[in-house]
Amino acid sequence: MTKKAAGKKAGKAKKYVYFFGSGKADGNRNMKDLLGGKGAGLAEMTNAGLPVPPGFTISTEVCNIYYQEKQEIPAAIDREIDVQIKKLEKAAGATLGSTDNPLLVSVRSGAKFSMPGMMDTILNLGLNDAAVEGLKRRTTNGRFAFDSYRRFIQMFGNVVLEIPKDVFEHEFDAVKKATGARLDTDLDEKALRDVVTRYKGVVQKKTGKSFPQDPREQLKMARDAVFRSWMNARAIEYRRIYDIPDHIGTAVNVQMMVFGNSGDRSATGVGFTRNPATGAKEFYGEFLINAQGEDVVSGVRTPQPIRELEQVLPKAYKQLREITTRLEKHYKDMQDFEFTIQDERLFMLQTRSGKRTGFAAVVVATDLVAEKLITPKDAVLLVDPESLNQLLAPGFDQDEWKKIPAITRGLPASPGAASGQAVFSADHAVEWVNQGKQVILVRRETVPDDIHGMFVAQGILTATGGMTSHAAVVGRQMGKPSVVGAGELEISESAKQVRVKGQTIKEGDFISFDGLSGEVKLGRVASKPSEILQVVNGTLDPKKSELYRRFNQLLTWSDKFRRMGIRANADLPDQAELAYAFGARGIGLCRTEHMFFGEGRIPIVQKMILADNEKDRRKALDELLPMQRQDFYGVFKAMHGEAVTIRTIDPPLHEFLPKREDLMVDIARLEATGKSGRDLNEKKTLLARVEQLHEFNPMLGHRGVRLGITYPEITEMQTRAIIEAACQLAKEGVKVVPEIMIPLVGLVKELRDQKAIVNRVAGETMKANGVKIKYLVGTMIEVPRGAMTADQIAEEAEFFSFGTNDLTQLTFGFSRDDVGKFLRIYQEKKILDRDPFASIDTEGVGAVVRTGVQLGRKTRPDLKIGVCGEHGGDPSSIHFFENVGLDYVSASPYRVPVARLAAAQAALAVKVGD
Ligand code: ADP
Ligand code: MG
Ligand code: MG
């Protein structure tokens, strides 16, 4: 956009800056795209008549313009900001740059999705050498005025001028030392004046210029720095992890300052309307007397629990409780809020849906329904499907755990059991995890730059900081077990060790902690299945598990709202049982070849493969038949009459044979020892067959339907085993619905060939058993040609199941097994946003799926269509499958709960066909 067009569009000026104050705001809660989450919240609270300091929000569009215009803001937008400053000055009763009544503001970042600590905020902007004296005169509080100024220079110096924090901290500590101060609050005006002088010296030295004195210049520089922070490395990494697009930009909020650092009747704090770790309905948070916002989270002073505020500042406390209760009702969700009390007067500075653990998400959602604040439908929409995985994660085996004494205890910031080797930096965490180790990231306090290490660690342990510190917030959000503020730990990150109660823990030593109790122990502790899994496995009575009751409640609600069926990918009877207990109704993919790996079976399978004539092959298959039949029997039974889709043999045969290299080594060894005879001969025959079966590109080779076509006796045996098992169950009075699925079909004639075999053998088998069974013959759609000719294929196929793993592989031409070599670089270069094997590529692979569905249903309008690739358990892919109108998704057993919830959310959000 040109500068002119940015200011004027079709003659009418476009709005880029939104005011809030004096009980009225230009924006509201629904404008997160434009105002960011923070800006929308401030507008909404203002409209609700809550005490919010006035200000204005520069929209996210300006952030994009800033980047388009090579880091310049068009003059028209600058003028719009000037108009809003005038308005703010009026509302605040103070003037920017005035020496006797200066307006001070904060400049706050805030994108649509909150990104804790990733971007920057500057407080007390507007101060300069003259204004600080004015502030002192007006407040008759010189200590406060200079405390505010030194904070401003430090934040501005760091964020805008990019001077490292420790340079300032060094000066600050020197003054503290010289004056014998223990706490920051011990410094008096004189000492703080000294700090300010030193800080200005730092700025002069590091930038070659003096600290900018013109507040308008300060504001522009701060605004632009916030826009720049959108593209800092840690923000980019954060967005990558959470799949947040880069193009949405951040808003900038400019807001009148209120002061929690103006004395002992002032305070600042943060909190939650419920416990974000457990979901318990309790007021939860922390505050500091005589402090400014960033002190609470930065860990410089240890904050007090919020209930103590009731004693110190009872009136403000009462009002805070009233307001936050109201906010929770208004937003119909647990809120996370920030407040400041200036001379006993309460101000609200932020509200948003609180980040929470998976446990808390389920507890809060079910509680809010019980409290009649929301409906079951709202509850279903409130929980992130992925977060359910936390409820399935194992905990410690309590017997083992109790045997070990705790070395220390910290705050239980995020529940879960963590065991691993101690590492002291995020980079090491990543390095060690890449070597296949499990690590616990131990830090004095984490900083946003640690995000990559936190992501890969089993758990996070810190020595300082409270329940709302960075480690706690991010740990909860990631669902990582975290214990914070374990103050007895004397951590030396440079020496890579911790001392605690006379013991030393070095890098690489095993430690374990429980994120629910806060206990930390030395050593490794065995884990035990989660409570939910114990119920599902039948080892715990569901009535004894409150958590299971809620989990089940939420998923039962989900079942009411979803349209698609949920099946599971399960190959063996015990997996099928687990999937059923998790709520799968049907099996979408039973891979028969996995049965071949069962005990004692491989030699028979090898015999089948090694046979160089049909007769020998049939002999081996006859041996396999009863085993397969028994497995099918078990799988059918576990599904209680729901459909079971069985895929005929799919992988290249050499997967069942020993490796060529291993055989060559064996042979060489036997020959070297001078041995000859049967053993050697057998190995040589095996090697010859392995070499014969060798393929240059096995994934594109002799596999799938191609095996059934070249060795029809395999399809025969598998059909017989399936139908015999079904007949047996039918005789026992158990309903069975077998769906026989032919993989890798690209040509209708391939399917016709196999279907004829299946129908013939099924007919014979049923006749021999005197039972009639209803079964279907269908195909996997996983070769692009199959999708593009789906109208022809549907003439034979009675159902389709999209094999999106192979379909992705074949549509992109990316080998699934080799993609790791370049995918990361593709993502870094923004050639691809996501791993297409984890989340379906809706544009390309999705188009192939869509075509397959449309063509298939053109021939057979009632064609049953599902998906059985990994994508069947991925929430955003599930959304897409709802969209194209599939009948079901099939996911691995552990992902069935995620799929149930995601399918409900998709159905509530999507109209089929759009
Ligand atoms: P973050 O997104 O990292 O929480 P914020 O913009 O919310 O950053 O601000 C950081 C801290 O400064 C918070 O504690 C906030 O409450 C405080 N703060 C922001 N603006 C003001 C203001 N106008 N007056 C007083 N404190 C403020
Ligand atoms: Mg904040
Ligand atoms: Mg496949």
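Everything numeric here is computed off the predicted structure, so don't read it as measured data. Counting starts at 1 for both ligands and their atoms, following the listed order. Residues take their numbers from the sequence shown, with the count starting at 1.
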May I ask you to check if R321 and F283 form a cation-pi contact, with NZ or CZ under 6.0 angstrom from the six-membered ring centre and within 45° of the axis?
->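 Here R321 passes the 6.0 Å and 45° test against F283.
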
Does the cation-pi check pass for K15 over Y18, that is, NZ or CZ under 6.0 Å from the six-membered ring centre and within 45° of its axis?
->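 Cation-pi check for K15 and Y18: passes.
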
Could you check [atom] against the protein and tell me its nearest heavy-atom contact, residue, atom and distance included?
atom                    : value
atom 19 (C) of ligand 1 : R108 NE, 3.2 Å
atom 10 (C) of ligand 1 : T121 CG2, 3.9 Å
atom 3 (O) of ligand 1  : G117 N, 4.4 Å
atom 14 (O) of ligand 1 : G293 CA, 3.1 Å
atom 27 (C) of ligand 1 : L349 CD1, 3.5 Å
atom 18 (N) of ligand 1 : L123 CD2, 3.6 Å
atom 25 (C) of ligand 1 : V258 O, 3.1 Å
atom 20 (N) of ligand 1 : S106 OG, 2.9 Å

Under the 3.5 angstrom rule, does the side chain of T278 hit a backbone N or O of A280 as a donor-acceptor pair?
->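 Yes.
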
Under 6.0 Å from the CZ atom of F455, do we count more than 12 heavy atoms belonging to anything else shown?
->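 Open.
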
Hey, is NZ on K315 packed in by over 12 heavy atoms from elsewhere, all under 6.0 Å?
->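 Count not over threshold, so no.
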
Using heavy atoms and a threshold below 4.0 Å, how should the contact between M119 and ligand 1 be classified: side chain, backbone, both, or neither?
->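 Contact part for M119 vs ligand 1: neither.
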
From the options D147, D184, D295, T185, select the one residue that forms a side chain to side chain donor-acceptor pair (under 3.5 Å) with N261.
->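 In the set D147, D184, D295, T185, the residue that makes a side chain to side chain donor-acceptor pair (under 3.5 Å) with N261 is D147.
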
Check: F259 ring centroid to F347 ring centroid under 6.0 Å =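 No, the ring of F259 stays outside the 6.0 Å limit from the ring of F347, centre to centre.
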
For ligand 1, is there an atom lying under 4.0 Å from some heavy atom of K38?
->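 It does, in that a heavy atom of K38 comes within the 4.0 Å cut-off of ligand 1.
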
Would you tell me whether E44 and H330 have side-chain atoms, one donor and one acceptor, within less than 3.5 Å of each other?
->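 H330 and E44 do have a side-chain donor-acceptor pair below 3.5 Å.
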
Please determine if S109 has a nitrogen or oxygen closer than 3.5 Å to a nitrogen or oxygen of ligand 1.
->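 No: no nitrogen or oxygen of S109 is under 3.5 Å from one in ligand 1.
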
Salt bridge between R356 and D336, side-chain N to carboxylate O under 4.0 Å?
->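 Salt bridge: no.
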
Of the listed options (E338, M348, M256), which comes nearest to atom 23 (N) of ligand 1 when hydrogens are ignored and any heavy atom counts?
->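 The residue whose heavy atom sits nearest atom 23 (N) of ligand 1 is M256.
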
Have a look at the Mg ion (ligand 2) and estimate, to 10 degrees, the angle subtended by OE1 (Q350) and OE2 (E338).
->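 Here the angle at the metal atom is close to 100°, to 10°.
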
